[in-house]
Every structure is written in structure tokens, then in C-alpha cells.
Visitor: 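Provided herewith is a single structure, encoded as C-alpha cells, for subsequent inquiry.
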Number of protein chains: 2
Amino acid sequence: MLTIKEIAERANVSRTTVSRVLNNSGYVSEEAKKRVLQVIEETGYVPSENAKSLRTKKTKVIGVILPKISTETSSRLVKGMDEILAKEGYQILLTNTNLDPEKEIEYLKLLKSRHVDGIILSATNINRPLVEEIYNLKIPFVTVGQTISGLANVIFDDYQATKDMVNFLIQKGHTKIAFIGVDEQDRAVGYLRKKGYLDAMKEKNLQIETSWVQKGVFNVESGYESMRAILLDAAENKPTAVLAVTDRLAIGAMLYLNEAGLSVPDDIALAGMGASELAKFIAPPLTTIDFSIEEAGREAALLILQKISGENYHEVIKTIPYRLVERSSV
Amino acid sequence: MLTIKEIAERANVSRTTVSRVLNNSGYVSEEAKKRVLQVIEETGYVPSENAKSLRTKKTKVIGVILPKISTETSSRLVKGMDEILAKEGYQILLTNTNLDPEKEIEYLKLLKSRHVDGIILSATNINRPLVEEIYNLKIPFVTVGQTISGLANVIFDDYQATKDMVNFLIQKGHTKIAFIGVDEQDRAVGYLRKKGYLDAMKEKNLQIETSWVQKGVFNVESGYESMRAILLDAAENKPTAVLAVTDRLAIGAMLYLNEAGLSVPDDIALAGMGASELAKFIAPPLTTIDFSIEEAGREAALLILQKISGENYHEVIKTIPYRLVERSSV
DNA sequence: TTCCAATGTGAAATCGATTCCATATAAAAA
DNA sequence: TTTTTATATGGAATCGATTTCACATTGGAA
């Protein structure tokens, strides 16, 4: 691999001068500059980012920690980040925890050891040791999807979005509304969305049967099972609408309803959340909430850039706007 | 940021000894080792990968160049790679060309300047200058989806898979089969799949109307338009089956057929390729080819690791097995 | 003519690790 | 007792860049 030293020798200047040409800094005569550029052109020399980083303490790399690497949410998030970061010459170093809390801490250390200029964490559940670790990391940090006080956070209004959706269902004439959620350890999707549902129902004085509220996990099968549970347990008092906290759960529910010979939305209306692609093309197309994940990625990227440049050192909570997407499943 | 020098001072040893403890190399007394580990524990010291890399010439980073960052194929590919690479302590540095050929070369240089230990390129079309650049890169290199001679390549059997699908349609009684492809610049998806279709038809002596063969781009709308074109142009001699080279194109086609009041598969059978999630949940579920993208990612990762360890320096062409997924759209 | 500022250049220190080499000691072999 | 040999340690070079500082040279202002 070619080094700055060799370029200097070939161009008959010092390393200092080559560095000056490379960085457009200090005084360099046109004469010398031309020779250096010439040699660089001929040799295809590319300076070592590594050596550069060691000296300058900047790597132009942003570490991104994802809970799952190949979900639609993750990839849309990364897409949004990349749009902004690439423009500024930053690269993304990906890490994937597979929902393992220990790996979150492990990767935090790893990213630190790699001297990334900033870290963006897309978290599902935040635990004490993780927060501790983050606080004494002293690296520009942004979370997406959950909040950690004192840091920069990009979040979705899970609570209000869910309320909106419930109110939308109510407005459509439904009063018996069931809910398929996930574990409340996940504060955003589990806890806040459930709270939104419960509060919206309470505000309108609507009763909720115990069997209408089910808990699943993040996949289609689980939606199927939850829907079945709702219909079996609530045999005497069936809901006329179901809200699932993710589109995949809703699609699972739809699959069960189809199998059970029930029509959506005539027998039971169905709504999801997340605006996945799936939701658009399924029959009937699914009413859902579009959380603008790419936008969240872009925001997170902008925030981390601000943090890096030192513009913004206090707590930030940036809420990404959402949109209710009305389709024929309701 | 803490350095090895400070650790050495606090533990009352030399930097050399700290390094030995860190890397489990050379002789270190239990005594000294304990002191060093103690100090590291207390301080939370993490050695700088940067400085390390500069000296050792290894970064434990694999650069991945993707044509599009948030497609299902890309994320499944990255997932497969990460499964293998993370286990071996490698990180993934992501770059996204957005199908811009100039960026491919730009990112190649960038990854070189970052001294990644290897590069995996998921390419759609390979042009001369790119190949030139790759050859004189002298970094372990693996391509996915297309072949470059002399290198390690992970590919899909696009040709045979398409033939299989056409034969499957024929076996189901279809003789009038239309085709929705993409630009043949894309050798794998554009050229080879089209060739597979043409050859399979020819082998069975089946005629192809000009209007049955359409060219779209990689999205749903394009499938819609292509299907419409087929039905309008071929008004007098309509096909009874349509094969689209991607599931999204097939789904677009299905959308048009639905709108046109035609039933799938009764009026027209429909098949896609790629086994996207969408295909599973659409109505009717789409017959497609599952190319095992994750497996390709894993294979690419294994190959790059081999290349890095110097085990495998000659050309490799690894073909990933595919599977015809029979669903009710045919 | 003298002095100062602007321009141009390179030697050497620096970043934080690894690694080669020299050296010291204690235990084992001759 | 002398000579190896295994163990233990640290000084200093090294990796490839940037950056500080010192030093020339030149042209214009005083």
C-alpha cells in the first residue's frame, strides 16, 4: 500500500507538503501542488483514513445499533440515516443485537473502541446498565424509538397515534374494539400503544372485555393466534373492530379471519400500525399508521451531526409526525 | 480517552506488558497481569482499534456495497452476512450506491482508504471501469449476484430457475405465457432470466407474441403498467399465464388484473421470482422462486473470511440453490 | 535602506497501539 | 560450577497520517 512518504519522495517534496495539498491547508506553491497531484493521479494513492483518524480523532464513521437487521423498520431507518450521512461524508458501521440486551452493551464498547464519531441506537427496551454505560461513554449519542433523559431522542408519538386510531374506529361506528399488543417491556410499542388504546376507550366510556386484549410477539403467526384467541374467548360478545400494534400482527389477524370465513371489514374491521409495504397490497388493504421511519432516520442523522459539531449538547426530544392511512380494512 | 500509556503507568508496568496482557501474548507474570487487569477493570479502558489497525494492518471490518439499502433483498443479504461475520468479530461498514455506477467506484476507493479487510459487492450491473478498479484493488473481494472472472462470486441460477418456472407453468397446462422483465443491462435479472424464459419456450416449441414480452423497472407500478400493456397489445391473442422476474412486478400485474376484473389464476395465472414476504400474504398467494438470499449472504461472508485467511485465492463460483414455491396464483 | 508581513517549505513531534530487540533473573541442564 | 533455557520486562522503532515550529525567501511599506 502506498504511503504519503512515497508520494512525497516521488514529487520531490516533504510529507508536510503532500499533506497540505491533500487537505488544502497552509501555503503551497502552484508548482509543488501540481507535481503532487500529478503523482497522486499516476499512482492512485489514497490516504489511510486510519492513520488520519489516529491523529485527528475523527473517523467519519457513525455506529448504528439495530435490534434486528432485516426488518422493514430497520432498513427504512438506515436508509433515512444514510441519505443524510453519506452527503456529509460519513459512513455507517452496522451492528445488530438480535434483541439480546447484553449485546447492546458489548456493541457500545466496540463502537467506542473504534472511535466512531457518534452512535445511533434504535432500541426496543432500555435497561439500567445500558443507560449507565451510555452516560459514561462521552460520545455523541442519539436514540430512536425510545427516550433516555439528557440525550437526543427521536421518537414516535405512539400514545397519541394509537388514540387517534381508536378514535377513528369509534368514529366509524365501532364501540366494541379489541386490541392485539406486545410485551410492555417495550415501552413504545408495548406500553404506550396499549395505554393509548385504554385511554381512548375510557374517554369515550367504552367497555373492554378482558378477552379483547391480547399480547403477541412481532410476527404474523402471533397475530393469527391472538385473533383466534379473541374470537374464541369472546364468543358471546364479539368485538366489531380490532387494532393491532403492528401491521404484521394485523395481517396475521386478517389471515385468521379469512380462514374463519369472516369478512374484513364487514364482519370485523381491522387496523394495524407501521405502514409496512405488506399493508398496502394485502386484500383488503390495511388501514394503518404511517410513522415516517425514513424521516426518523434522517432526523437522527441530523441530530448526531449537530452533536458532533457541538451545536447541541442538551436534551432533545424530536417527535416525528405520523399519518393515519385510511384503507378499506376499516 | 484513556490510552495504553496511562494504564501502564497506573499498573506500574511498561506499555509492552499491558499490550501483552491485552493480547495474551509473550510472557507476563501472574502478578503483573493481575495488576493490569485490575486497572483496566477500574478504568473501563478500551484499546483504540484505530491505533491497533495502523500497526497490525487489520481492521476487522468488511465493507459492503449495496445497490439499494432498503430493499428486502439487501436486508436479507446483510442479515446473512452478519450472522457469520459477527461471530468472527467482524463489523460491517455499509455503503449504498443507489444504483449510481460512479458511486460504486467512489465507494471502492473509500473502503480501500479505510483499510477494510474485505469487500462484498452486491452488484446489479458490472461495467468495465468498475472491474478494472476491482482488479487493482488487491483486497479480498466477493461479488454477490453477478460474476467477475478471477474473483469469488456468489450467484443465483437465474437462468435455470426461470426455465424451471416456465416449465412449471407449461406443466400446469399453459402454452401462452407472457413475460415481464427488466433491462438486460442487469445481467442476472434482466438478461439471464429473459434468456431462461425464451429458451424454455423454444424447447417446447411454444410461440411467443411480441406483445407478451414487456420490460419494466423494479417496482410495483411498473408491473401494473406492463400487465396492462400485455393485455391491450395482445387483445386478440391473450396469454393464459404471466411470469414476472420479480415479485413486485408480479404484484403490480396482479393489481392490474384485479382492476380489470380478471381472476388469478382462473383467467390468468401469475408467477413471480424472489420469494418476498409480500408474495406470501397477497391474495391469491403468489407462486415464486425462493433464492435463499440469507444463504447467499452467509456464503459471501464465508468466502470473504477464506480469502482473508489466504485459504482461497483462485476463482470461485458458488451457486446458491433455489426452490420453486408453489402457491395458488398458478 | 530597513523592516515587516505574506508566502513557501520541511524537520520533527504526535496520535495509540504492536513488536523487535536487548537485558535480567531464576531454574534446569551439563 | 558453568552454561543453557525459560520466564519476565521494558526501551525504542514502527505504522501513516497531521500539525507545530523554525526557517527562508520575496515584495511592499516605512
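No experiment lies behind these values; they were computed from the predicted model shown.
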Visitor: Is there a side-chain contact between B:E83 and B:K87 in this structure, where contact means two heavy atoms from C-beta onward sitting under 4.5 Å apart?
Guide: no
Visitor: Over how many whole Å does the gap from A:N12 atom CG to C:dT9 atom P extend?
Guide: 12 Å
Visitor: Is any side-chain N or O of B:S19 closer than 4.0 Å to OP1 or OP2 of C:dT18?
Guide: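 Yes, such a contact exists.
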Visitor: Where the side chain of A:K52 is concerned, which of C:dT18, D:dT9, D:dA17 is the nearest nucleotide?
Guide: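 That would be D:dA17.
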Visitor: Which nucleotide in the set C:dA17, D:dT18, D:dG10 lies at the smallest distance from any side-chain heavy atom of B:T17?
Guide: D:dG10
Visitor: How long is the line joining NZ of A:K57 and P of D:dA17, in whole Å?
Guide: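 It is 17 Å, rounded to the nearest whole Å.
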Visitor: Taking only N and O in the side chain of A:S48, is any of them less than 4.0 Å away from OP1 or OP2 of D:dG16?
Guide: no
Visitor: Rounded off to whole Å, could you give me the CZ-to-P distance for the A:R15 and D:dG16 pair?
Guide: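 Going from CZ in A:R15 over to P in D:dG16 covers 11 Å.
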Visitor: Which of the following nucleotides, D:dG10, C:dA17, C:dC15, is nearest to the side chain of A:R55?
Guide: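 The listed nucleotide nearest to A:R55's side chain is C:dC15.
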Visitor: Using only side-chain N and O atoms of A:Y27, determine if any of them is under 4.0 Å from OP1 or OP2 of C:dG8.
Guide: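 No, because none of the side-chain N or O atoms of A:Y27 sits under 4.0 Å from OP1 or OP2 of C:dG8.
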Visitor: Decide whether B:T143 and B:N153 meet the rule of one side-chain donor and one side-chain acceptor closer than 3.5 Å.
Guide: yes
Visitor: Stepwise, does the side-chain hydrogen bond (donor to acceptor under 3.5 Å, both in side chains) test hold for A:D186 with A:T124?
Guide: CA-CA 5 Å; A:D186 184 326; A:T124 58; 4.9 Å; no
Visitor: How close or far is atom C1' of D:dG16 from atom CG of A:L2, stated in whole angstroms?
Guide: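 Atom CG in A:L2 sits about 12 Å away from atom C1' in D:dG16.
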Visitor: At less than 4.0 Å, is any side-chain N or O atom of A:K58 found next to OP1 or OP2 of D:dT18? Yes or no.
Guide: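 No, outside the criterion.
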Visitor: How is A:V13 classified with respect to the nucleic acid when contacts are heavy atoms under 4.0 Å: base, sugar-phosphate, or nothing?
Guide: sugar-phosphate
Visitor: Separation of B:K34 atom NZ from D:dA8 atom C1', in whole Å?
Guide: 17 Å
Visitor: If the test is side chain to side chain contact (heavy atoms under 4.5 Å, CB included), which one of B:L111, B:L77, B:I92 qualifies with B:V64?
Guide: B:I92
Visitor: Are any of A:S29's side-chain N or O atoms less than 4.0 Å away from OP1 or OP2 of C:dG8?
Guide: no
Visitor: With side chain to side chain contact (heavy atoms under 4.5 Å, CB included) as the test, pick out the partner of A:S19 among A:V36, A:I7, A:I4.
Guide: A:I4
Visitor: Between P on D:dT9 and NZ on B:K33, what's the gap in Å once rounded to a whole number?
Guide: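 One finds 12 Å between P of D:dT9 and NZ of B:K33, rounded.
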Visitor: Rounding to an integer number of Å, can you tell me how far A:M1 CE sits from D:dG16 C1'?
Guide: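 Interatomic distance, CE of A:M1 to C1' of D:dG16: 12 Å.
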Visitor: Mind checking if B:N50 touches a base, just sugar-phosphate, or nothing, with heavy atoms under 4.0 Å?
Guide: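 The answer is nothing, as B:N50 stays clear of every strand by at least 4.0 Å.
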Visitor: Quickly work out the A:E30 CD to C:dT7 C1' distance and round it to whole Å.
Guide: 13 Å
Visitor: Should A:T3 be listed as having a side-chain N or O under 4.0 Å from OP1 or OP2 of D:dG16?
Guide: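 Answer is no, no contact under 4.0 Å.
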Visitor: Identify whether any heavy atom of B:K5 sits under 4.0 Å from a base atom; if not, whether one sits that close to sugar-phosphate; answer base, sugar-phosphate or nothing.
Guide: nothing
Visitor: On DNA chain D, check which nucleotide each of B:E31 and B:A51 is closest to and give me the residue with the more 5' one.
Guide: B:E31
Visitor: Applying the side chain to side chain contact (heavy atoms under 4.5 Å, CB included) criterion to A:V142, which one of A:L305, A:I304, A:V316 satisfies it?
Guide: A:I304
Visitor: Would you say A:Y45 places a side-chain N or O within less than 4.0 Å of OP1 or OP2 belonging to D:dG16?
Guide: no
Visitor: Let me know, please, whether B:L54 or B:R20 comes out on the 5' side of the other along DNA chain D by nearest nucleotide.
Guide: B:R20
Visitor: Contact class for B:T16 (heavy atom, under 4.0 Å): base, sugar-phosphate, or nothing?
Guide: base
